[in-house]
Structure formats: C-alpha cells, structure tokens
Amino acid sequence: MEPGGRREVFPEHTLNKLISLYYTPLFHLCCMILRDHAAAEDAMQETFLKAYRGLDAFRGDASEKTWLTSIALNVCRDMRKSAWFRHMERRVTPEELPIPAPAQDEEALALGQAIAKLPEKYRTSVLLYYYQDMTLQECAILLKTTPSNISKRLARAREMLRRQLGADPQEVPAKEVTLP
C-alpha cells in the first residue's frame, strides 16, 4: 500500500510482497490451529486469495500482519466448522512445517505438543502472543476481546501447560515461563 492508503498500480506486486513476508509465520499458525499440513496449505491459499480481493478495502488501521492474521484465523475457523474437517484425522509434526524444524530437545517438543492440546481459545492466544509476536492489544483485536482477557487467557494457558508438563506452579513463576 502506498502512503495515504492508495493501492499500488500493480496489486500482484503487493500480494507477492505480503506472501514473501508473512507466508511462513501464518502457515505455522494455521498448522497449529488446524493440526493438518494439507488443510493449512488450503487455508493459506484461501487467506491470500481473500487478501488479494480485499486489498482495496484495507485501510491501514492495523498492520498488514494483523490484517492477514485476522483473515487466516477466520479461514481456519470456517474450515474447523465444516463437516469434512471434523471427520478427518489431523496431526502435524514439526518436520512437516515449511522450513525444516531445528533440532528440538525433548522439552521443546513436549511444549509444542502440550500447546496443541490446549483448548482453542487458550491455544490461539498463546500462538498469537508468543509465536506471532503480537501485542496484547493486537491479540485482543483479532480475538474480539479485551487485552486484560488475553492476559488472563495467557496466565491460564501457562498454568495448564505447567500441569501438563509436570512443573510445580510454585517453582516456576509466570515471568520465567518463556515460550518460543
């Protein structure tokens, strides 16, 4: 987008720029939400198709990343609601992600599996905040709630993760729990 909110002359150029900047992190997000590599690829195609169609409507009120993440989350929600999706087996491993996963130690692998088991509202909050590096405000906008609610969801998610991973809640203060 050009300054002042006007679209560039070649929207394909804009779309290519968005794809090159945001495809990988959004794909990882879709994989974690949908738990299926092929479904995540479909979600990405639909996300960028909707973005292309909506380039004229993008006002710049939010960042491009926030706008695309919102589209991707809505596409994933729609896909999860479909009858076809509810009946298929969904599992994605780190090796199936688009960039080869770095050698993970057992703790990182266990953490990823524990995050995948969280209820959707907690999992999505964790993925947006820790993995997409979004602020509480950006997460709140995307999830249509308040920043304080996102903060509470993150605290509850950390507590659930501590229980799943066998950590004593008294031993590990919230500030020391860091998620990649």
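All values below come from the heavy atoms of this structure, side chains included, with hydrogens, waters and symmetry mates left out.
- Looking at Thr69, its side chain does come within 3.5 Å of a backbone N or O of Lys65 through a donor-acceptor pair.
- Judged purely by distance below 3.5 Å, without hydrogens or angles, the side chains of Thr66 and Ser63 pair a donor atom with an acceptor atom.
- Put simply, the side chain of Asn74 gets close to the backbone of Ser70: a donor and an acceptor are under 3.5 Å apart.
- A heavy-atom distance below 4.5 Å is not found between the side chains of Met79 and Glu46.
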**Asked** Does the side chain to side chain contact (heavy atoms under 4.5 Å, CB included) test come out yes or no for Leu29 and Tyr131, once each step is laid out?
**Response** CA-CA 8 Å; Leu29 177 68; Tyr131 287 82; over 6 Å; no

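- Side-chain contact check for Ile33 versus Leu73: some heavy-atom pair is nearer than 4.5 Å.
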**Request:** For Glu159 and Arg162, run salt bridge (Lys or Arg N to Asp or Glu O under 4.0 Å): C-alpha distance rounded to whole Å, both residues' side-chain angles, the deciding distance at 0.1 Å, then the answer.
**Result:** CA-CA 5 Å; Glu159 181 60 35; Arg162 283 188 198 105; 3.3 Å; yes

**Message:** Using the rule given for side chain to side chain contact (heavy atoms under 4.5 Å, CB included), can you reason through Thr146 versus Ile150, listing the C-alpha separation, both sets of side-chain angles and the distance that settles it, and then say yes or no?
**Reply:** CA-CA 6 Å; Thr146 63; Ile150 296 296; over 6 Å; no

**Prompt:** Step by step, would you call Arg153 with Tyr129 a side chain to side chain contact (heavy atoms under 4.5 Å, CB included)?
**Reply:** CA-CA 11 Å; Arg153 286 181 185 182; Tyr129 186 75; over 6 Å; no

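- In this structure, Leu55 is a member of the same hydrophobic cluster as Ile19, with clusters built from ILVMFWY side-chain heavy atoms closer than 4.5 Å.
- The aromatic ring centres of His37 and Phe27 sit less than 6.0 Å apart.
- Atom CD1 of residue Ile71 and atom SG of residue Cys76 lie 12.0 Å apart, to the nearest 0.5 angstrom.
- From Met134, atom CE reaches atom CG of Leu143 across 9.5 Å, with rounding to the nearest 0.5 Å.
- Judged by distance alone, with hydrogens and angles left aside, the side-chain atoms of Glu138 form a donor-acceptor pair with the main-chain N or O of Thr135 at under 3.5 Å.
- At least one side-chain heavy atom of Met160 sits less than 4.5 Å from a side-chain heavy atom of Arg156.
- In this structure, Leu118 and Thr124 have side chains that are not in contact, with every pair of non-hydrogen atoms separated by 4.5 Å or more.
- In the hydrophobic clustering of ILVMFWY residues, with side-chain heavy atoms under 4.5 Å counting as a link, Ile141 and Tyr122 come out apart.
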